[in-house]
Visitor: 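Structure incoming, see below.
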Amino acid sequence: MQFEEAPDPVPNSDEALVRVRACALNHLDLWARNGLPNVTIPMPHISGCDISGVVEWVPAEEKRFAKGDEVIVNPGLGCGRCDRCLSGRDNQCQDYTVIGYGTDGGYAELIKVRRTHLIEKPRGMGFVEAASFPLVFETAYHMLATKARAGPGDTVLVLAASSGVGSAAVQVAKVLGSRVIATAGGSEKMEKSLELGADFVIDHYKQDVLAEVRRLTEKRGVDVVIEHVGKATWEGSLKSLARGGRLVTCGATTGSDAVTDLRYVYNRELTIYGSFMAGMGELFEVVRLFNDGRLKVVVDSKYPLKEAAKAQKRMEESAHFGKIVLTV
Ligand SMILES: [Zn+2]
């Protein structure tokens with residue numbers, strides 16, 4: 001990864017030019033940099049999908065946004081015209097990609113984005129905070145509200161509450177009225193998980209997560225597991241579920257070749273949901289919750305754009321709690 005001059009993007013009439021003020025890191029950035037089988041990343045590539053900034057240019061026909069408006073950018077890109085896109089499931093569009101993954105992203109001073117992807121920055125929120133929430137909170141919302149339909153009466157196990165998705169999921173599950181058991185590594189991260197609203201927290205370095213889940217639920221198990229760790233936790237996650245429980249997975253940071261004991265799945269009538277990003281409309285729900293003061297952004301650290309490599313290294317080392325953000 002190199003810090004260098006690149007030509008200014010030239011927007012077409014469907015697009016806006018945004019002056020980037022902050023761009024948060026996501027695991028997607030690491031996957032894009034490391035490469036994935038059967039995925040072609042256009043090169044040279046500018047990473048970064050969680051963007052806040054100021055509108056620099058819009059065409060004259062744009063009615064909702066004008067130069068100088070403070071915005072965030074909806075990161076998911078569907079085709080906008082297929083049955084999936086038009087029914088609010090644009091994340092299932094065959095042409096779906098993510099800004100900064102399939103296109104140039106926000107590790108830059110300027111970015112061109114579709115005008116339909118501009119969203120007003122939540123009231124009273126700084127640029128760093130505004131860049132920190134779209135991807136992880138819309139993902140957590142999609143996993144909990146749309147897929148698992150978590151609600152009052154449900155106990156939700158959130159793995160690695162210190163991660164971006166984890167810290168969002170703890171809060172979204174509480175907003176939905178569920179009881180939350182979080183896992184975290186070490187006393188400092190455990191304390192922060194409780195501050196986010198977790199009802200119980202398990203130290204995944206020192207304690208047996210499955211045994212603790214059984215103890216805390218009087219052997220019943222949890223109704224929902226929020227999985228994004230993968231191979232290292234998969235078996236325990238399945239075994240943590242109560243009968244009829246739902247597991248939602250949005251990633252596999254420790255490896256994707258996990259083993260599923262099918263006996264658990266059929267005997268206990270478990271449901272496994274895959275979850276990728278969210279429908280564009282779900283981000284509006286999340287913005288509403290921020291405007292109502294019901295969610296809060298968790299920022300770990302800030303780095304100037306030219307130190308993007310250092311910022312990615314911090315993410316790879318898992319030393320962070322919450323979002324790592326580049327400022328421009
Ligand atoms: Zn589509």
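All ligand and atom numbering here is 1-based and tracks the order in the structure. From a predicted model like this one, the values you see are computed outputs, not experimental measurements.
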Visitor: Work out how many protein N, O or S atoms lie closer to the Zn ion (ligand 1) than 2.8 Å.
Guide: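 For the Zn ion (ligand 1), protein nitrogen, oxygen or sulfur atoms under 2.8 Å: 4.
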Visitor: Under 4.0 Å between a Lys/Arg side-chain N and an Asp/Glu carboxylate O for Arg294 and Asp292?
Guide: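 The answer is no: the pair does not qualify as a salt bridge.
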Visitor: Under 3.5 Å, sequence neighbours excluded: what are the donor-acceptor pairs made by side chains of residues 171-186?
Guide:
residue, atom, partner, partner atom, Å
Gln171, OE1, Lys296, N, 2.6
Gln171, NE2, Ser167, O, 3.3
Gln171, NE2, Lys296, O, 2.8
Lys174, NZ, Ser178, O, 3.1
Lys174, NZ, Asp199, OD1, 3.3
Lys174, NZ, Asp199, OD2, 2.8
Ser178, OG, Gly151, N, 3.4
Ser178, OG, Gly151, O, 2.8
Arg179, NE, Thr155, OG1, 3.2
Arg179, NH2, Thr155, OG1, 3.4
Thr183, OG1, Ala160, N, 2.9
Thr183, OG1, His204, ND1, 3.2

Visitor: Taking salt bridge (Lys or Arg N to Asp or Glu O under 4.0 Å) as the test, write out the residues that go with Glu70, two or more places apart.
Guide: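 Checked Glu70 against salt bridge (Lys or Arg N to Asp or Glu O under 4.0 Å); matches are Lys121.
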Visitor: Between Lys239 and Asp261, does at least one N-O distance fall below 4.0 Å, as a salt bridge requires?
Guide: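 No, this pair does not count.
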Visitor: Check this for me, if you would: do Glu15 and Arg114 make a salt bridge, where the nitrogen-to-carboxylate-oxygen distance has to be below 4.0 angstrom?
Guide: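 No.
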Visitor: Of all residues at least two apart in sequence or in a different chain, which pass the salt bridge (Lys or Arg N to Asp or Glu O under 4.0 Å) check with Arg33?
Guide: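 Partners of Arg33 under the salt bridge (Lys or Arg N to Asp or Glu O under 4.0 Å) test: Glu316.
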